[in-house]
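Letters go in sequence order (proteins before strands), and every chain restarts at 1. The analysis underlying the following values was restricted to heavy atoms, covering all of them including side chains, and did not include hydrogens, waters or symmetry mates.
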There are 2 protein chains.
Amino acid sequence: MPTEPKLPFDPIERAGEIWARRIGESTAMKLATSIMRVQQLILAELDAALRPHGITFARYEVLVLISFSSEGTLPLSKIGERLMVHPTSVTNAIDRLESQGLVRRLPDEADRRRTFAELTDDGKDVLAASTKALMAIDFAIDGLTAKQQDQTYDLLRSLRSSAGDF
Amino acid sequence: MPTEPKLPFDPIERAGEIWARRIGESTAMKLATSIMRVQQLILAELDAALRPHGITFARYEVLVLISFSSEGTLPLSKIGERLMVHPTSVTNAIDRLESQGLVRRLPDEADRRRTFAELTDDGKDVLAASTKALMAIDFAIDGLTAKQQDQTYDLLRSLRSSAGDF
DNA sequence: CTAAAATAGTCGGTCGTCCAACTAAATGCC
DNA sequence: GGCATTTAGTTGGACGACCGACTATTTTAG
């Protein structure tokens, strides 16, 4: 009859960290799982802050991007490219935003394959309120000093660039 | 007629980074989006390495955890706790693993609310092969030196602990 | 000892991500 | 010019994560 097993180490870590300690000192694996865990935490915080405004962080990013476009509109393909997500993710986000009345699709007469996305007035309002909400939260990341934040950012940036992310 | 807009900055960044530059120097936001991006990259790498073995990294983590339990079985609740995921995510993962024949559910006679998960022989084989595959890949994280990896890990760890993650 | 509260797991639904496959339109090449 | 190739976007399906709600069991408190 199996009883609840007790691992010979600390509190709780993602499997990768346990794995690392057992299999080899794959700090890479340890780091990988830590990054995934941190991402999970941060995304949960951001989504929670945005929930009262009826959007998620993924959709917030889309609104931001559109609002910063010089013409006020952006082809869906550009959105996917800038956010580095699959085209279908963009379709999905825009579908939701459109059904919420925050965004409008406009056909491109010049290139009839393309579709522009444009913020509605409601979209602009929600974006403004959401931005305010995000700036107000006390972020997990705020647990790091500004210097540590920069340092982390730089490290991740070189990781990304070595992964060919730019 | 809207034309494809050109942002007055670099290649491509997630919206949060653009947002940061425009709205304020919220390095927190910049860092947040960078973490999310890196997570996306890493998870894609890991899943790609595991695809030939028919599992994902999420399910791999479950296999690892079960295999490291002292009794060879683990109550589902412990799995969720250690991986820090929602109970329904565990149910989901175990459902898939079970239907793949990699894991077995066992009732706990002592506490009939509980269910144990146990690896099948196939599960052990897949785990071994998967671990090998993961150790063989040339990881994005390997773009950092060992020292940088440790440094990043420490930074993220203090971030997590300030978020009350332990 | 019994009623209330906590715990374990599941079900149904939402959301975001990806892939494969497909349509429509524009571009390239001979 | 006309056909092959590329590009833009969508659809359908898989997957993992979450939440709310619910059932079945302990456990706890009075």
From C/dC18, C/dT10, C/dA6, nucleotide with atom closest to B/T91 side chain
C/dT10
By nearest-nucleotide position on DNA chain D, the 5'-leaning member of B/A93 and B/T88 is B/A93
Using whole Å, what does the distance between atom P of nucleotide D/dT23 and atom CG of B/D111 come to?
19 Å
Minimum-distance nucleotide (side-chain atoms of A/R96 versus C/dC15, C/dG9, D/dC15)
C/dC15
Residue A/T115, side-chain heavy atoms: nucleotide from D/dG9, C/dG16, C/dA25 that is nearest
D/dG9
Would you say A/S89 places a side-chain N or O within less than 4.0 Å of OP1 or OP2 belonging to C/dC18?
yes
Within this structure, what is the CG-OG distance for the pair A/D154 and B/S34, rounded to the nearest 0.5 Å?
9.5 Å
Which nucleotide sits closest to the side chain of A/N92: C/dT17, D/dA17, C/dC18?
C/dT17
Under-4.0 Å salt bridge between A/R105 and A/D95
yes
Nucleotide of D/dT10, C/dG9, D/dG16 approaching B/A58 most closely (side-chain heavy atoms):
D/dG16
Restricting to non-hydrogen atoms, name the atom on A/L74 and the atom on A/L65 that form the minimum distance, rounded to 0.1 Å.
CD2-O, 3.7 Å
From the options D/dG16, D/dT11, C/dC19, select the nucleotide whose nearest atom is closest to the side chain of B/T56.
D/dG16
Starting from the 5' end of DNA chain D, give me the residue, A/R51 or A/R105, whose nearest nucleotide shows up first.
A/R105
Between CG of A/D47 and C1' of C/dC15 the distance, given in whole Å, is 9 Å
Whole-Å gap separating C1' (D/dA17) and CD1 (B/I94):
16 Å
Give the nucleotide from the list C/dC19, D/dT26, C/dG9 with an atom nearest to the side chain of B/S77.
C/dG9
Calculate the interatomic distance between A/D95 atom CG and C/dG16 atom P; express it in whole Å.
11 Å
Ignoring hydrogens, what is the shortest heavy-atom contact between A/I141 and B/I35? Give both atom names and the distance.
CD1-CD1, 4.4 Å
Rounded distance (Å) that lies between atom C1' of D/dA17 and atom CD of B/Q40
15 Å
For atom CZ of B/R37 and atom P of C/dC18, their distance in whole Å
8 Å
Check the distance between C/dA8's C1' and B/L106's CG and give it to me in whole angstrom.
16 Å
Base D/dT25 to side chain B/R112, donor-acceptor N/O within 3.5 Å cut-off
no
Per atom distances to the A/L76 side chain, the nearest of D/dG9, C/dA8, C/dG16 is D/dG9
Distance-minimising heavy-atom pair for B/T152 and A/L31:
CG2-CD1, 3.9 Å
Check whether any side-chain nitrogen or oxygen of A/R59 sits under 4.0 Å from OP1 or OP2 of C/dG16, and answer yes or no.
yes
Full working for side-chain contact (heavy atoms from CB on, under 4.5 Å) between A/R59 and A/V103:
CA-CA 10 Å; A/R59 272 173 276 165; A/V103 147; over 6 Å; no
Between A/L74 (CG) and D/dG9 (P), how many Å, whole number?
10 Å
